[in-house]
Protein chains: 2
Amino acid sequence: MVMGRPRSFDTDKALDEAMEVFWRHGYDGASLAMLTKAMGIKAPSLYAAFGSKEGLLKAALDRYAQRRCEHMRHVLAGATAREVAERFLSSIAESHTDPANPPGCLLVQGGLACGEGSENIPFELASRRAQTEADLRERFAQAQRDGDLAPEADPAALARFLSTVASGMGVLASSGADRDALRAVARVSLSAFTRCPEAGGVPS
Amino acid sequence: MVMGRPRSFDTDKALDEAMEVFWRHGYDGASLAMLTKAMGIKAPSLYAAFGSKEGLLKAALDRYAQRRCEHMRHVLAGATAREVAERFLSSIAESHTDPANPPGCLLVQGGLACGEGSENIPFELASRRAQTEADLRERFAQAQRDGDLAPEADPAALARFLSTVASGMGVLASSGADRDALRAVARVSLSAFTRCPEAGGVPS
DNA sequence: GAAGTTTTGTATCGAGTGGTAGATAAGTCT
DNA sequence: AGACTTATCTACCACTCGATACAAAACTTC
């Protein structure tokens with residue numbers, strides 16, 4: 001075992017609590033007082049473990065990504081491009097209205113715009129959102145190589161469309177929309193997905 | 001003319017500057033120091049004119065709504081439901097990447113999640129976003145009565161879909177996506193709009 | 001047990017927060 | 001002109017912000 005006094009709190013548990021605070025109040029809106037209270041530790045412990053408020057957010061984002069990663073693995077394992085899209089939107093509708101978490105998406109509510117001294121937070125969140133879009137794009141490109149998606153389809157456009165709808169669903173959920181509302185949006189989006197020229201559908 | 005010393009600044013000009021600060025930094029991220037500097041006035045003048053930081057935001061939101069109202073009038077004047085949707089998405093793509101403003105949408109970046117003491121800001125923004133959705137829904141219901149939209153179409157679902165995509169485009173634009181990227185998303189969304197069962201299209 | 005190492009709690013730092021008191025300036029009214 | 005009304009400025013309020021110094025506590029190693 002390592003030397004010195006052992007840590008009296010569980011890092012992952014504390015991160016979960018911090019994640020919830022950032023999720024519900026955004027980076028600027030989450031004060032150290034709120035964070036330390038939720039995490040059940042004092043400020044010096046927080047700084048010793050995570051370095052800074054920004055470091056804490058990044059650690060929380062890593063944990064968030066880790067959670068979502070399992071979902072995405074299932075999504076990307078869909079047999080066809082259409083099934084991937086279906087799984088993705090449905091997974092978003094569920095997760096953004098999961099009563100175990102604040103409504104919406106941490107990567108959206110966490111901070112689209114921040115004050116002085118937090119200028120890089122929006123970039124941090126954006127790059128994490130971009131990761132999901134890249135995963136989808138890669139999967140659709142593969143589908144195209146497999147002949148599952150028409151050669152004239154546009155994997156990048158499809159991925160960006162889905163990613164955009166997911167962000168929009170985050171905004172919607174954050175303002176109290178219920179699960180059925182998100183599912184309805186997912187349904188319409190999926191129709192669009194299936195039939196648009198970018199997916200190789202017939203233009204009107 | 002009214003009695004007393006006349007105001008030395010133009011209220012609307014000052015509001016435009018305040019709007020930009022809220023837009024770029026969000027409600028919590030916009031400090032009074034930033035606001036007063038941008039508006040070119042001192043704190044007491046600000047409070048005399050707008051009552052509080054929240055009052056200033058609401059006034060800025062009113063002005064924002066006023067601006068968008070002209071665009072929406074053009075959007076809703078589209079001859080068909082499809083043309084309304086097309087105009088709406090294209091108007092969003094343009095306005096969210098207008099170099100004269102911060103990228104994205106004030107109603108999205110302004111504050112999806114806020115800190116203690118600003119709890120009602122997200123509601124305020126949400127209710128303004130809901131207004132646009134309601135306008136679209138009403139217009140689509142009218143289209144349905146006109147026989148322009150199929151009887152089995154779902155005006156509420158279509159309006160919510162478009163509104164969600166618009167929010168998503170706001171998120172996308174806020175992270176630096178350019179106009180063409182938003183136009184591409186609009187194009188895919190429009191295909192979905194035209195062909196989905198909610199619009200009276202043929203289900204797969 | 002003594003030395004060494006790390007974490008914890010208390011107490012606090014300087015800077016910045018939203019907001020205001022009070023005096024002064026700049027107008028209109030009679 | 002003088003009374004009245006409103007806006008502006010300087011200075012400042014109590015408070016909260018993110019972050020830290022320091023000493024006591026809790027462990028491992030020798």
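Residue numbers begin at 1 in each chain, while the letters A, B, ... track the order of the sequences.
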request  = Measure from CE on B:M39 to P on D:dA7 and round the result to the nearest Å.
outcome  = 14 Å
ask   = Quick one: do A:K13 and A:E17 make a salt bridge, cutoff under 4.0 Å?
value = no
query = Side chains of B:R67 and B:S95: donor-acceptor distance under 3.5 Å anywhere?
reply = no
message = Quick check for you: among C:dG18, C:dT28, C:dG9, whose closest atom lies nearest to any side-chain atom of B:M3?
response = C:dT28
task = Return the nearest nucleotide to the side chain of B:S8; candidates are C:dT28, D:dT8, D:dT29.
result = D:dT8
key: Protein-nucleotide distance (B:K37, atom NZ; D:dC9, atom C1'), rounded to Å   = 19 Å
inquiry  = Could you check whether A:R128 pairs with A:D62 (Lys NZ or Arg NE/NH1/NH2 to Asp/Glu carboxylate O, under 4.0 Å)?
reply    = yes
query = Between A:S45 and C:dT7, does any side-chain N or O lie under 4.0 Å from OP1 or OP2?
reply = no
ask   = How close or far is atom C1' of D:dC17 from atom CD of B:E116, stated in whole angstroms?
value = 12 Å
Euclidean distance, atom CG of residue A:D28 to atom C1' of C:dG18 [Å, nearest integer] = 15 Å
query = Taking CD1 from A:I41 and P from D:dA19, how many angstroms apart are they, rounded to a whole number?
reply = 14 Å
ask   = Can you tell me how far P of C:dT7 sits from CG of A:L46, to the nearest Å?
value = 13 Å
Length of the CE-C1' vector between B:M34 and C:dG16, whole Å = 13 Å
query = Starting at the 5' end of DNA chain D, which residue's closest nucleotide do you reach first, A:S31 or A:G51?
reply = A:S31
key: OP1 or OP2 of D:dT10 under 4.0 Å from side-chain N/O of B:K42   = yes
message = Under 4.0 Å from OP1 or OP2 of C:dG19: is there any side-chain N or O of B:Y47 that close?
response = yes
message = Under 4.0 Å between a side-chain nitrogen and a carboxylate oxygen: does that hold for A:D154 and A:R160?
response = no
query = For B:F9, which contact category applies under a 4.0 Å heavy-atom criterion: base, sugar-phosphate, or nothing?
reply = sugar-phosphate
task = State whether the side chain of B:K58 and the backbone N or O of B:F50 hold a donor-acceptor pair below 3.5 Å, judged by distance alone.
result = no
note = Side-chain contact check for B:L32: nearest option of C:dG18, D:dC4, C:dT8 is C:dG18
ask   = Which part of the nucleic acid does A:A43 contact within heavy-atom distance under 4.0 Å: base, sugar-phosphate only, or nothing?
value = base
task = Go through C:dT28, C:dT8, D:dT29 for me and flag the one nearest to the A:R5 side chain.
result = C:dT8
request  = Take atom CZ of A:R7 and atom P of D:dT28, then tell me their distance rounded to the nearest Å.
outcome  = 16 Å
task = With DNA chain D as reference, determine whether B:G4 or B:G40 sits nearer its 5' end, using the nearest nucleotide of each.
result = B:G4
